Asker: 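Handing you a structure now.
Bear in mind that the values here come from a model prediction, so they are computed numbers and not experimental data. Note that the numbering runs from 1 along the sequence shown for the chain.
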Amino acid sequence: MGLKNSRPKLFPGDIVEYPRNKFFSHFAIYYGERDGVPYVAHLTCRDSDIKLLLYGRALRSEVKLDPLELLGKKYKVNNMFDEVHPARDFHNVVKQSIDDMMGREVTFDILFHNSEHQATLFRYGIKKSEQIDKIYKHIMPAWKKLFEEKKL
């Protein structure tokens, strides 16, 4: 009552979801405060000239550390796998993984890897959709020839 903003309390390692539209959300990991400012680690994406044989077109990505407010004030905590997998220790494992990834450019497939998968990989050590590799093995023959002839 009387609260203007009733956002949930964040704990280091929480997955923060920023809804963008009814089909898409951007995900980040709450990193903690620095000089009183709360920060999140999130995946940025840009087009890449690289193509991956199994998945097709790729994205160039990197993990950035930005103030929580920079990504917007409308967010919710969405830890996704809390009932299925235990969260990894933030200070000894997750924070170290984030620090190691920051500034390093990584190429990911355009259809599978995104900020949601990166967030679950940091928090739980697993990709959100582990079965995707099995599916792509059946889809890939449809574009393999075009891909090798550089028509795709």
Asker: Show your reasoning for whether side chain to side chain contact (heavy atoms under 4.5 Å, CB included) applies to T120 and H85.
Answerer: CA-CA 10 Å; T120 58; H85 298 282; over 6 Å; no

Asker: Would you check if F81 and I126 make a side-chain contact, meaning some heavy-atom pair closer than 4.5 Å?
Answerer: yes

Asker: Nearest 0.5 Å, what's the CD-CZ distance between E62 and R104?
Answerer: 11.5 Å

Asker: Could you give me the CA-CA distance, side-chain angles and deciding distance for Y124 and N79, then say whether side chain to side chain contact (heavy atoms under 4.5 Å, CB included) is met?
Answerer: CA-CA 10 Å; Y124 303 105; N79 286 323; 3.6 Å; yes

Asker: Hey, quick one: are V93 and F122 part of the same hydrophobic cluster, counting side-chain heavy atoms closer than 4.5 Å, chains of contacts allowed?
Answerer: no

Asker: Return the orientation label for the Y31 and F90 ring planes: parallel under 30°, perpendicular over 60°, tilted otherwise.
Answerer: perpendicular

Asker: Minimum heavy-atom separation for M80 and E116, please, with both atom names.
Answerer: SD-OE2, 3.5 Å

Asker: Thinking salt bridges, do R123 and D82 make one under a 4.0 Å N-O criterion?
Answerer: yes

Asker: Give the minimum heavy-atom separation between I29 and G13, together with the two atoms involved.
Answerer: CD1-O, 3.8 Å

Asker: Check S25 against S115 and note the closest heavy-atom contact, atom names and distance.
Answerer: O-OG, 4.3 Å

Asker: Check whether the side chains of Q96 and N92 place a donor and an acceptor atom closer than 3.5 Å, and report yes or no.
Answerer: no

Asker: Would you sort out whether D89 and K95 count as a salt bridge (Lys or Arg N to Asp or Glu O under 4.0 Å), showing the intermediate values?
Answerer: CA-CA 9 Å; D89 178 67; K95 187 174 186 289; over 6 Å; no

Asker: Is the ring pair H26/Y18 parallel, tilted or perpendicular, if the boundaries are 30 and 60 degrees?
Answerer: tilted

Asker: Please report the interatomic distance CG(L68) to OH(Y39), rounded to the nearest 0.5 Å.
Answerer: 11.0 Å

